[in-house]
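Residue indices begin at 1 and follow the sequence shown. Counting starts at 1 for both ligands and their atoms, in listed order. Please read these numbers as outputs of a predicted model, since none were measured by experiment.
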Amino acid sequence: MKILFLGPPGAGKGTQAKRIGAALDIPHISTGDMLREHLAARSELGLQAEGFMKRGDLVPDELVIAMLLERTGHEDAAGGFILDGFPRNLAQAEALSVSLGGDGLDRVVVFEVDEEEIVRRISGRRGCAGGHIYHLDDHPPVREGVCDIDAAPLEQRPDDAEDVIRTRLAVYRAQTEPLIRYYQQQGRAVKIGAVGSVGEIQERILEALGG
Ligand code: AMP
């Protein structure tokens, strides 16, 4: 099954993609995670992407599209995948559609959350270098500032700072939100209410995928 999770930053796409990917045994492909790995490794791509990410802008299409298509071409993605954070504009959506050919994506799950809740979620978000994510109020670690799983220090993503969140939301509204209509016109989009417990939202997604 080829699935796309579409929605604003902080909607819980990554958290759900990890769970649903594990449940369906398909990889979770997050361009944000891939770019952060490049950044941490100081690769050529990471260095090119760094300034855009810090400001909350989109990394240029030619860099992100090549990276994503290389990843979806891996053997582990042959039976399907969950895309999280790609496509983020029309040019990326069309490049994906050309690359998938045929039937394209099976389902596009649209996460609906209002903006105040997004800012609350993102500003409380903390994570460790191993990718384990917490929230200061909703899902705090047992020991403050330390990951429960690998005891690594918890930090805030630099682009989760409030001024950068505002830019990311504006970019989402201008460039990514129009994709909801694009996929609705293709009859692939299913909207889900993305406010509730992680388990409740997971149930809604599984129902949307089954229907
Ligand atoms: P995310 O973790 O999905 O919120 O992505 C973090 C940052 O990585 C974004 O604010 C962008 O700067 C960059 N990024 C991730 N995915 C894309 C994409 N598909 N196109 C352009 N930039 C991206």
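In this structure, D160 pairs ionically with R125, as a charged nitrogen and a carboxylate oxygen lie closer than 4.0 Å.
For the pair R55 and F52, the cation-pi criterion (under 6.0 Å, within 45° of the ring axis) is fulfilled.
Judged purely by atom type and a 3.5 angstrom limit, R204 uses its side chain to pair as donor or acceptor with the backbone of G193.
Judged purely by distance below 3.5 Å, without hydrogens or angles, the side chains of H132 and D148 never pair a donor atom with an acceptor atom.
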> Do D114 and R120 pass the salt bridge (Lys or Arg N to Asp or Glu O under 4.0 Å) test, and can you show the C-alpha distance, the side-chain angles, and the key distance before you say yes or no?
Replying inline: CA-CA 10 Å; D114 69 45; R120 189 192 73 80; over 6 Å; no

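Protein residues having at least one heavy atom under 4.0 Å from any atom of ligand 1 are T31, G32, L35, R36, M53, D57, L58, V59, V64, G85, F86, R88, Q92, R157, D159, R168, listed by chain and number.
Taken together through direct or relayed side-chain contacts under 4.5 Å among Ile, Leu, Val, Met, Phe, Trp and Tyr, I82 and V109 form part of one hydrophobic cluster.
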